[in-house]
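Since we're looking at a predicted model, the values are computed, not measured. Just so it is clear, the values below take in all heavy atoms, side chains as well, and ignore hydrogens, waters and symmetry mates. Letters go in sequence order (proteins before strands), and every chain restarts at 1.
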Protein chains: 2
Amino acid sequence: MAVNLTHSMQDYLKTIFMLTADHTRVPTTRIAQTLNVQPASVTSMIKKLADCHLVDHQSYHGVALTESGRTAALEMIRHHRLLETYLSTALGYDWADVHEEADRLEHYISEEFEDRIASMLGNPLYDPHGDPIPGRDGVLPPTPWPCLLDVPAPATVTIRRVDSSQRDALVFLSSKGITIGTTCTVLKTASSYIMIDVSSTHKTVRLPNAIVQRLFVDQI
Amino acid sequence: MAVNLTHSMQDYLKTIFMLTADHTRVPTTRIAQTLNVQPASVTSMIKKLADCHLVDHQSYHGVALTESGRTAALEMIRHHRLLETYLSTALGYDWADVHEEADRLEHYISEEFEDRIASMLGNPLYDPHGDPIPGRDGVLPPTPWPCLLDVPAPATVTIRRVDSSQRDALVFLSSKGITIGTTCTVLKTASSYIMIDVSSTHKTVRLPNAIVQRLFVDQI
DNA sequence: GCACAAATTTAGGTATCTCTAAAACTGTGC
DNA sequence: GCACAGTTTTAGAGATACCTAAATTTGTGC
Ligand SMILES: [Mn+2]
Ligand SMILES: [Mn+2]
Ligand SMILES: [Mn+2]
Ligand SMILES: [Mn+2]
């Protein structure tokens with residue numbers, strides 16, 4: 001029903017999509033925490049989204065996206081991840097800085113802009129953090145990589161994806177020469193950290209579990 | 001006083017800057033026409049801008065920018081024209097399509113984005129329509145070119161600037177192979193049109209006065 | 001000077017998105 | 001079953017940026 005989504009509606013839809021990756025309903029409070037607003041504000045926005053048939057709201061029992069809500073969320077995620085890729089590849093942004101810029105611009109670029117940066121980038125499937133970029137058709141490329149935490153030493157792996165939600169982790173990793181595509185050898189697995197050898201720098205790096213649990217890898 | 005300018009405040013400041021190029025005060029109604037809002041809306045926004053010391057408002061006698069209002073307006077114009085240049089040069093937009101996209105994005109790019117596209121473009125002084133791009137210091141490059149309407153035939157000229165306010169004119173000109181930097185020879189000056197030879201295409205084009213008055217040229 | 005039309009401002013209202021405080025609901029623990 | 005803590009919704013209000021309609025002011029034409 002609703003054709004024009006406001007900046008806020010788009011942010012709510014994107015957040016609900018992220019929080020329902022496990023296919024369950026998401027409670028009001030989770031959305032409030034994620035968006036840094038009060039639960040009462042979430043309730044009123046949810047009501048608005050439900051009126052537009054973008055979410056299914058069962059009072060006191062959380063919310064889930066409808067098909068059209070999911071489509072709108074994926075459209076925004078496509079904008080976000082294409083922008084992150086473009087900022088990184090074409091404008092030389094650090095992978096720790098792309099999120100903030102993309103999170104604003106995603107709401108304001110046109111479909112023409114989207115198409116142009118996508119084709120300029122060769123229609124990429126993954127963003128600078130290895131997150132999958134939905135196609136124009138809303139299909140998400142696969143992300144089959146296991147967490148590095150679950151890979152026993154010794155092993156040689158290629159970094160495919162990093163949980164980008166903690167800026168500190170991104171800064172730490174790039175300072176050690178570790179990014180998407182980097183190949184490493186796991187030398188030792190301890191209970192609170194692992195030791196790896198970064199093949200491009202030939203340096204040995206100690207990765208605390210807080211970092212290891214954020215890395216997803218291809219085993220080779 | 002005001003540190004954070006809203007999208008709307010920025011649009012009003014930009015508009016007031018444009019409408020006071022002649023260094024006079026601008027009346028409420030002109031601003032209302034330009035921004036497609038009601039005069040009453042202009043009055044209340046002007047009040048807000050005056051509270052922030054961005055404009056000088058004398059009740060019933062129009063408005064002018066203060067020094068800090070002018071600085072804010074130029075900052076927005078720099079964003080706009082850098083974006084137009086970037087969209088045109090880096091993303092292949094037609095010069096008729098850059099305005100709409102830039103007019104939205106100008107409010108949402110960061111200073112880092114501004115700096116990166118500026119240096120990527122080699123710190124350009126003019127946008128795709130020949131409009132001057134203010135420097136980070138707020139200085140506008142010169143635009144000394146006379147209107148083609150005032151150049152008597154015969155003459156050979158280079159197009160330096162186009163009044164980009166009418167999209168139709170931009171579409172017409174590019175369809176004839178005429179853009180910034182194009183060299184033409186004025187063959188004949190009539191009262192309602194001129195005939196020119198476009199050197200790059202070796203074609204003769206009839207330009208109605210409605211177009212001629214929008215072109216500014218270097219005489220060679 | 002003064003009437004009068006045009007421009008401008010004031011007054012009051014709508015829509016969006018947020019907040020705080022109070023009320024209502026839910027489900028667990030006994 | 002029922003109290004009670006935690007969650008969620010409702011109620012009411014503030015900020016922003018518009019609107020329409022009703023004053024108010026201005027300056028020109030006589
Ligand atoms: Mn966002
Ligand atoms: Mn990302
Ligand atoms: Mn604008
Ligand atoms: Mn321009």
Side-chain angles (χ1 to χ4, degrees), chain A residues 1-16 19-20 22 24-65 69 72-73 76 103-104 106-108, chain B residues 1-16 19-20 22 24-65 69 72-73 76 103-104 106-108:
Chain A
M1 289 298 149
V3 217
N4 284 330
L5 305 179
T6 64
H7 179 134
S8 239
M9 289 167 80
Q10 291 172 341
D11 273 347
Y12 275 87
L13 292 172
K14 207 177 66 163
T15 300
I16 296 167
L19 296 177
T20 52
D22 53 0
T24 60
R25 307 180 74 81
V26 61
T28 305
T29 325
R30 282 291 313 277
I31 301 171
Q33 284 161 1
T34 308
L35 287 172
N36 272 303
V37 297
Q38 295 301 313
S41 305
V42 175
T43 300
S44 67
M45 178 56 85
I46 280 175
K47 222 181 270 180
K48 184 175 171 181
L49 294 172
D51 287 347
C52 298
H53 306 290
L54 293 160
V55 301
D56 167 55
H57 183 215
Q58 294 175 0
S59 229
Y60 294 99
H61 293 89
V63 72
L65 293 178
M76 213 38 46
D103 218 30
R104 245 179 306 110
E106 62 188 6
H107 307 285
Y108 301 107
Chain B
M1 286 293 156
V3 219
N4 285 330
L5 305 180
T6 64
H7 180 133
S8 238
M9 289 167 79
Q10 289 172 342
D11 274 346
Y12 275 86
L13 292 173
K14 207 176 65 162
T15 300
I16 297 166
L19 296 177
T20 51
D22 53 0
T24 59
R25 309 182 71 82
V26 62
T28 305
T29 325
R30 285 290 313 276
I31 301 172
Q33 284 161 0
T34 309
L35 287 172
N36 272 302
V37 295
Q38 295 303 313
S41 305
V42 175
T43 300
S44 67
M45 178 56 86
I46 280 174
K47 223 181 269 180
K48 185 176 171 180
L49 294 172
D51 288 346
C52 298
H53 307 289
L54 292 160
V55 302
D56 168 55
H57 183 217
Q58 293 174 0
S59 229
Y60 294 98
H61 293 90
V63 71
L65 293 177
M76 212 39 45
D103 219 29
R104 247 178 305 108
E106 64 188 6
H107 307 286
Y108 301 107

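Here C:dT18 presents its C1' atom at 14 Å from NE2 of A:His7, a figure rounded to the nearest Å. Summarising the geometry, the separation between CG on B:Asn4 and P on D:dA15 is reported as 16 Å, rounded to the nearest angstrom. Spacing between atom NE2 of A:His107 and atom C1' of C:dT16 amounts to 16 Å, rounded to whole angstrom units. Between the P atom of D:dT16 and the CD atom of B:Gln10 lies a distance of 15 Å, rounded to the nearest Å.
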Give me, pair by pair, the N or O atoms of the protein and of nucleotides 27-29 of chain D that are less than 3.5 Å apart, along with how far apart they are.
| from | atom 1 | to | atom 2 | distance (Å) |
| --- | --- | --- | --- | --- |
| D:dG27 | OP1 | B:His61 | NE2 | 3.2 |

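Among the atoms of the strands shown, only primed sugar atoms or phosphate atoms (P, OP1, OP2) are found under 4.0 Å from some heavy atom of B:His57.
Non-hydrogen atoms lying under 4.0 Å from DNA chain D are contributed by A:Pro39, A:Ala40, A:Thr43, all within residues 31-46 of chain A.
Between A:His7 and A:Tyr108, the ring centre distance stays below 6.0 Å.
With sequence neighbours excluded, the residues that form a side chain to side chain donor-acceptor pair (under 3.5 Å) with B:Asp103 are B:Lys14, B:His80. Residues passing the side chain to side chain contact (heavy atoms under 4.5 Å, CB included) test with A:Ser44, sequence neighbours excluded: none. Here A:Arg25 pairs with A:Asp56, A:Gln58, A:Ala64 under the side chain to side chain contact (heavy atoms under 4.5 Å, CB included) rule; sequence neighbours left out. Annotation: side chain to side chain contact (heavy atoms under 4.5 Å, CB included) contacts of A:Gln38 (sequence neighbours excluded): A:Ser41.
The two residues B:Thr28 and B:Pro39 come nearest to each other via the heavy atoms CG2-O, 3.6 Å. Scanning both residues, B:His57 and B:Ala50, for their nearest heavy atoms gives CB-CB, 4.3 Å. Taking both residues in full, the closest heavy atoms of A:Val55 and A:Ile46 are given as CG2-O, 3.8 Å, listed atom of the first, atom of the second, then distance.
Contact annotation: B:Tyr60 side-chain N/O to C:dT10 OP1/OP2 distance is not under 4.0 Å. Distances shorter than 4.0 Å separate none of the side-chain N or O atoms of B:Lys48 from OP1 or OP2 on D:dA15. Between A:Tyr12 and the phosphate of C:dT18, there is a side-chain N or O to OP1/OP2 separation shorter than 4.0 Å. Taking only side-chain nitrogens and oxygens, B:Ser8 never comes nearer than 4.0 Å to OP1 or OP2 of D:dT16.
Side-chain contact check for A:Leu19 versus A:Thr34: some heavy-atom pair is nearer than 4.5 Å.
Mapped onto DNA chain C by nearest heavy atom, B:Arg30 and A:Ser59 fall at different nucleotides, with B:Arg30 at the one closer to the 5' end.
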